[in-house]
Amino acid sequence: MTSSTKSMAAAKGADHQKLMKRVTWVVALAVLLNPLNSSMISVALLKIGADFGIGIATVTWLVSSFYLAATVGQPLMGKLADILGPRRVFSIGMVIVIVSSLLSASATSFGWLLVLRVVQAFGSTCAFPAGLSILRSVTRMADDREDKSSASSLGLISITSNVMAAFGPTLGGLLVAYSEWQSIFWINIPIAVLVLILVFKWVPADGKAQPSEERKSVLHLIDLPGIILFSGMFISLMLFLISLGRGAQWWLLIIVPLAATLLIVRELRTDKPFLDVRMLASNIRLTFVYVQYAALNMVFYSLYFGLPLWLGQVRGYDPQMVGLLMLPFAGIGVLTTPLAVRMIGRSNYRQPIVVGSIVLVIGTLLLLLLGDDTPVAIILLVTAIIGISNGMNNMGLSSALYSNTKPEDIGVAAGLFQTFRSVGSIFSTSLLGLIFGGSVTTSGLHIIAVVAAVISAGLLAVACSRRFT
C-alpha cells in the first residue's frame, strides 16, 4: 500500500469515527427521553391527582399506561424502522414527543392527559430501535469489526437508556419543587427539538426504500392481528399481576397462554410478522438476552422502588435524604459502564455480564444486613455495589443484543429488548405490591432481597453458560 493510499484510508477512518461519535450522541440524547419520562413523573403524581381531584390509584395509570404503550410500541417501532427507514421513524418519533408534550402541559382533564401520555410513550419508543438501526448502518460503512467499533457507542447509549432512568425522580423532584407538574413535560421539548436539528445535520439519509408494493398496505406492513394478540397477552399479564395485591383476577391469567398460542400460530403463518417467532426460535442466544434483560430489570426496579419506600417509611428519612442515599445506585452505574466497554473491547460481552451478575448476587445478599439501626455508611455501600452491577449488566446485555442480531433485524430486535425491560418492571411492581401491600417493613425488604438474590444467581448461571450467552 502506497503512502497516499494509507493517508486516504486514515482520513476515511477519521471521518467515520467523527460520524460515529456524532450519530451516537444524537441517538443517546433521544434514547434518554423514554426512561426519563417513565420515572420522572413518579414525584408529580400527588400534585396531578390533587389538581384533577382523583385518587392515587387512578393517577398511577399515568405510569402503567406508559409502560403498556412502551411494551407494544418498542417492537412496533423497530419493525417500522427496519421497513420504512430508521432515520425517518426516528425523526417522526421526536415530532410526536414534541407535540404530545406541548399538549400534555396544557391538558384540562385527566382523561386527556392519559391519552397524551400513551402517545408520548409511542413517540419516545422510536429512539432506541431506530437509533440502533442507524448505528448499525453507519458502522457497516467502515472496514473494522462491528463489535469493536460500536462498543463505545453502545456504552453511551446504555447509560442513557438504562442507568439514567434512575435520575428521573431526582430531576422530576427539582422541577416540581420549583415549578408546577407541567414542567416535567416542558423539559422534553428542547431536548427533542435539539435531536431533530442534529438528525438533519449529522445522521445519514436512509438507504433505498422498500418497493412500493410492500408499502402500499399499512395493515399488512405492521401486522395488526399480531399487534392485537401481542398487546392482549401483555396487558392481561400486567392486569393480573396488579390484581394480586387486592384479590387475584384469575380469569385474566387464562388469556395470557391463549393469546400467546394464537400469536405464535399467526406469526408463523404471515410473511411480515410483528414478532418474528422464527428468529427467536433459531437464535437461542438472542432469546436468552431477552430473558436475562427482563430478569435484570425485575431486580433493578424492585430495589429501585422498594429501597426508597423502606428508607422513608421505616428509617424515617425525608425525600432529600432518600435521594442522596439512592444516588450511588445510579451514579456508580454511570461510572462502571466505561469499564464494561473496555472489557468488551479486550474480550467480548460475556465478561461484564458475568462480573455484573456476581456483584449483583453479593449486593442483593448484603441487603439482608440492613435494619432499623444500620449506619448510613453501610446503606451507601450496599447501594453502590448494586450500582456497579447495573452498569456492567446493562452494557453487557446491550452488546450481546447487538452481536447476536442480523443487521436487517436490528430494529425489531432492539424494540423487543426494551419491551422486556417493561416486562421486568411490571413484575417488580407486582412483587412490591405483594410484599409491601399491607405496610413497608424491614422483614419485607429482606424477602425482596432473597427473591432478588435468587434471580441474580440464575442470571449468573446463564451468563456462565456458553450455550446461552
Side-chain angles (χ1 to χ4, degrees), residues 25-54 56 58-70 73-74 77 89-128 130-131 157 159-201 319-320 323 327 330 418 422:
W25 277 107
V26 174
V27 174
L29 190 60
V31 164
L32 175 68
L33 290 168
N34 185 265
L36 191 64
N37 279 278
S38 69
S39 60
M40 187 169 53
I41 198 172
S42 61
V43 296
L45 293 177
L46 291 177
K47 283 198 171 185
I48 293 174
D51 280 2
F52 290 116
I54 55 178
I56 190 65
T58 301
V59 78
T60 52
W61 273 102
L62 291 174
V63 178
S64 301
S65 65
F66 194 92
Y67 279 129
L68 285 171
Q74 294 282 6
M77 298 308 168
V89 172
F90 190 91
S91 302
I92 291 173
M94 292 302 101
V95 173
I96 292 174
V97 169
I98 293 170
V99 174
S100 61
S101 296
L102 279 169
L103 295 175
S104 295
S106 57
T108 56
S109 69
F110 178 75
W112 182 229
L113 180 61
L114 187 63
V115 170
L116 291 170
R117 178 78 170 158
V118 171
V119 174
Q120 183 190 54
F122 273 105
S124 61
T125 57
C126 294
F128 189 84
I157 293 171
I159 290 173
T160 56
S161 65
N162 302 299
V163 181
M164 289 300 290
F167 288 108
T170 302
L171 176 59
L174 290 173
L175 291 172
V176 174
Y178 294 99
S179 182
E180 296 297 327
W181 60 262
Q182 287 85 351
S183 58
I184 65 174
F185 295 104
W186 286 118
I187 196 173
N188 294 314
I189 298 171
I191 297 174
V193 169
L194 176 60
V195 169
L196 271 180
I197 293 172
L198 295 179
V199 164
F200 290 106
K201 184 177 180 181
Q320 185 176 4
L327 191 58
Q418 292 301 302
S422 298

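Along the sequence shown, residues carry numbers from 1.
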On a heavy-atom basis, the closest approach of L116 and S104 is CB-OG, 3.3 Å
Can you name the closest pair of heavy atoms from S65 and L114 and give their distance? OG-CD1, 3.4 Å
Under the side chain to side chain donor-acceptor pair (under 3.5 Å) definition, can you give me all pairs with a residue in residues 107-118, not counting sequence neighbours? R117-Q120
Only counting residues at least two apart or in another chain, list the ones meeting side chain to side chain donor-acceptor pair (under 3.5 Å) with S124. N34
Do W181 and L175 have side-chain heavy atoms sitting under 4.5 Å apart? no
Spacing of OG belonging to S106 relative to CH2 belonging to W186, to within rounding of 0.5 Å: 6.5 Å
Do the side chains of F66 and I41 get nearer than 4.5 Å, heavy atoms only? no
For W25, all residues meeting side chain to side chain donor-acceptor pair (under 3.5 Å), sequence neighbours excluded: none
Considering residues at least two apart in sequence or located in another chain, which fulfil the side-chain contact (heavy atoms from CB on, under 4.5 Å) criterion with I197? V193
Could you walk me through whether L113 and F52 satisfy the side chain to side chain contact (heavy atoms under 4.5 Å, CB included) test, starting with their C-alpha distance in whole Å, then the side-chain angles of each, then the deciding distance to 0.1 Å, before giving a yes or no? CA-CA 10 Å; L113 180 61; F52 290 116; 3.9 Å; yes
V199: what forms a side-chain contact (heavy atoms from CB on, under 4.5 Å) with it, not counting sequence neighbours? V26, R87, F90, S91, V195, V203
About how many Å separate CG of N188 and CG of N37, when rounded to the nearest 0.5 Å? 4.0 Å
Rounded distance [0.5 Å steps], CE in M40 versus CZ in F185: 8.0 Å
Could you work out, with side-chain contact (heavy atoms from CB on, under 4.5 Å) as the rule, every residue matching I96, not counting sequence neighbours? I92, V119
Excluding sequence neighbours, so at least two apart, what forms side-chain contact (heavy atoms from CB on, under 4.5 Å) with A192? L33, M94, V97, I98
Closest contact, heavy atoms only, A121 versus A69: CB-CB, 3.6 Å
Side chains of F128 and I157 in contact at under 4.5 Å (non-hydrogen atoms): yes
